[in-house]
**Q** 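Shown below is the structure under consideration.
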There are 2 protein chains.
Amino acid sequence: MCGDPLLLKNQLCFPIYACAREIIKAYHEPLSKLDLTYTQYLVMMVLWEEREKSVRELGECLYLDSGTLTPLLKKLEAKGYIVRERCTEDERCVIVSLTTEGDALREKARAVPRCMAAKSPLTQEEAETLYKTLYKLLHVLHGES
Amino acid sequence: MCGDPLLLKNQLCFPIYACAREIIKAYHEPLSKLDLTYTQYLVMMVLWEEREKSVRELGECLYLDSGTLTPLLKKLEAKGYIVRERCTEDERCVIVSLTTEGDALREKARAVPRCMAAKSPLTQEEAETLYKTLYKLLHVLHGES
DNA sequence: TCAAATTAAATTGTGTACAATCAAATCACA
DNA sequence: TGTGATTTGATTGTACACAATTTAATTTGA
């Protein structure tokens, strides 16, 4: 056991980073049936909840900037799940909203969380603690920059 | 409070994904002084520990495949931190090893974990629990696929 | 022993991510 | 009211990630 902070095994950041990628890989299979990538699925989840959001609001919800969202939203529009239109009151904004198809996709998506829950080895308590700790970290890292 | 598993706030995967990205962003500043990206830093950490690894071994340590590692290693080689050479006993393998410069970089890198530790709001106990839970998740997600 | 299976990297193609910059629209206030 | 600052998306350039395929080298078994 060695306390050198430059060892990979002593890094907290590494398992977070590696877990995030493994989770995205695990989502690949259930999401491929919906023709969605993981990030596209996150955007759809926000819209299933609210139906209509500006690009800026989506970025705030998902901690993503327009450089990521703009091309991604164009792909979702090409698939027919959303539409993008300039807001008439403020022409700087683009409003993203669900199409009928995008809304209907929600029902097919209900299988996804079930599929993923089956892959997790965590107890309810472990999952809750993990959730709280991650949000604590997330708020601090994002808040003060 | 709503238990719908399709709500973003009820997802455990999302804070993991968002945290991972915020952490990489937070590393940007200290690592820019070493002319390294976060993933390049992970590779260097493995080599500072072992000095010599094949591409396959690096991939196993970091959960990365050759499609990611090959171009990244070429960049590290161009910077002069590593060399890549075919293994003579088994020509299928490429051995990656530190140059003198790459080894010397380790001393400059000691500031990085200090800088990052200062940004974390977690207690020692929270960090340890987080670490253990993430590795539990990581091993299961990576092991059975 | 030699062809089939396996292994290791590299390549190709798609899709994020984000820093930095730009351009257009709106706002603020002198 | 008009101009400088701000806000919002889009664009550009760089750097991962990974699935799928390819190529070359090694191993295995009939």
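Numbered from 1 within each chain, the chains take letters A, B, ... in sequence-line order. Note: hydrogens, waters and symmetry copies are ignored here, and every other heavy atom, side chains too, is used.
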**Q** Given atom CD of B:E89 and atom C1' of C:dT7, what is their separation to the nearest angstrom?
**A** 16 Å
**Q** Given atom CZ of B:R21 and atom P of C:dA17, what is their separation to the nearest angstrom?
**A**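 The distance from CZ of B:R21 to P of C:dA17 comes to 6 Å, rounded to the nearest Å.
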**Q** Closest to the A:Y17 side chain: C:dA9, D:dT8, D:dA17?
**A**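 Within the option list, the nearest is D:dA17.
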**Q** Quick one: which of D:dG9, C:dT11, C:dA10 gets closest to the side chain of B:K74?
**A** C:dT11
**Q** Between B:C87 and A:R86, which residue's closest nucleotide on DNA chain D lies nearer the 5′ terminus?
**A**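 The residue whose closest nucleotide sits nearer the 5' end is A:R86.
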**Q** Consider the side chain of A:T39, meaning its heavy atoms from C-beta on, and name the nucleotide among D:dC18, D:dG9, C:dT16 that approaches it most closely.
**A**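 Taking heavy atoms from C-beta onward, the closest nucleotide is C:dT16.
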**Q** Counting only N and O atoms by type, is there a donor-acceptor contact under 3.5 Å from the side chain of B:Y131 to the main-chain atoms of A:K9?
**A**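 It does hold such a pair.
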**Q** So what does B:E57 touch, heavy atoms closer than 4.0 Å: a base, only the sugar-phosphate, or nothing?
**A**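 Result for B:E57 = nothing.
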**Q** Can you tell me the distance, in whole Å, between the CD atom of B:Q40 and the C1' atom of D:dA17?
**A** 14 Å
**Q** Does a side-chain N or O of B:T70 approach OP1 or OP2 of C:dA8 to a distance below 4.0 Å, or not?
**A** no
**Q** Quick one: which of C:dA17, C:dA9, D:dA17 gets closest to the side chain of B:S66?
**A**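 Of the options given, the side chain of B:S66 lies nearest C:dA9.
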**Q** Between A:D90 and B:G67, which residue's closest nucleotide on DNA chain D lies nearer the 5′ terminus?
**A** A:D90
**Q** Could you tell me whether B:E22 contacts a base, only the sugar-phosphate backbone, or nothing, with contacts defined as non-hydrogen atoms closer than 4.0 Å?
**A**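 No contact.
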**Q** Please walk me through it: do B:E29 and B:K25 pass salt bridge (Lys or Arg N to Asp or Glu O under 4.0 Å)?
**A** CA-CA 8 Å; B:E29 181 222 330; B:K25 267 194 255 186; over 6 Å; no
**Q** Would one find a side-chain N or O of A:S54 under 4.0 angstrom from OP1 or OP2 of D:dT8?
**A**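 Answer is no, no contact under 4.0 Å.
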**Q** In sequence, state the C-alpha distance, the side-chain angles, and the governing distance for B:Y63 and A:Y17, and then conclude on ring pair (Phe, Tyr, Trp, His ring centres under 6.0 Å).
**A** CA-CA 10 Å; B:Y63 304 88; A:Y17 163 74; 9.6 Å; no
**Q** Quick one: label A:L69 by what it contacts on the DNA or RNA (base, sugar-phosphate, nothing), any heavy atom closer than 4.0 Å.
**A** nothing
**Q** Set out, in order, the CA-CA distance, both residues' side-chain angles and the distance that settles salt bridge (Lys or Arg N to Asp or Glu O under 4.0 Å) for A:R106 and B:D4, then state yes or no.
**A** CA-CA 12 Å; A:R106 185 176 190 167; B:D4 187 339; 3.2 Å; yes
**Q** A:H28 has an atom NE2; how far is it from atom C1' of C:dG15, in whole Å?
**A**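 My rounded result for the distance is 11 Å.
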**Q** Where the side chain of B:R84 is concerned, which of D:dA19, C:dA10, C:dA8 is the nearest nucleotide?
**A**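 Among D:dA19, C:dA10, C:dA8, the one nearest the side chain of B:R84 is C:dA10.
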**Q** Which of the following nucleotides, D:dC18, C:dC18, C:dG15, is nearest to the side chain of A:L64?
**A**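 Shortest atom-to-atom distance from the side chain points to C:dC18.
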**Q** Taking it one step at a time, do A:E91 and A:R86 satisfy salt bridge (Lys or Arg N to Asp or Glu O under 4.0 Å)?
**A** CA-CA 6 Å; A:E91 293 267 348; A:R86 286 278 164 193; 5.5 Å; no
**Q** Let me know the distance between OH of A:Y27 and P of D:dA19, rounded to the nearest Å.
**A**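 In whole Å, D:dA19 P lies 17 Å from A:Y27 OH.
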**Q** Which whole-number value in Å describes the distance from A:E91 CD to D:dT6 P?
**A** 23 Å
**Q** Which listed nucleotide (C:dT11, C:dA19, D:dC18) is nearest to the side chain of B:T68?
**A**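 The answer is D:dC18.
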**Q** Using whole Å, report how far OH of B:Y38 lies from P of C:dA17.
**A** 16 Å
**Q** Round to the nearest Å and state the distance from B:Y41 atom OH to D:dA15 atom C1'.
**A** 19 Å
**Q** Looking only at N and O atoms, is any donor in the side chain of B:R92 or the base of C:dT7 less than 3.5 Å from an acceptor on the other one?
**A**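 For B:R92, whose side chain was compared with the base of C:dT7, there is a donor-acceptor pair (under 3.5 Å).
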**Q** Hydrophobic clusters here meaning ILVMFWY residues chained together by side-chain heavy-atom distances under 4.5 Å, can you tell me if B:V55 and B:I95 are in one?
**A**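 Unlinked, B:V55 and B:I95 end up in two clusters.
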**Q** If you only use heavy atoms from C-beta on, which nucleotide in D:dA10, C:dG15, C:dA10 is closest to the side chain of A:K75?
**A** C:dG15
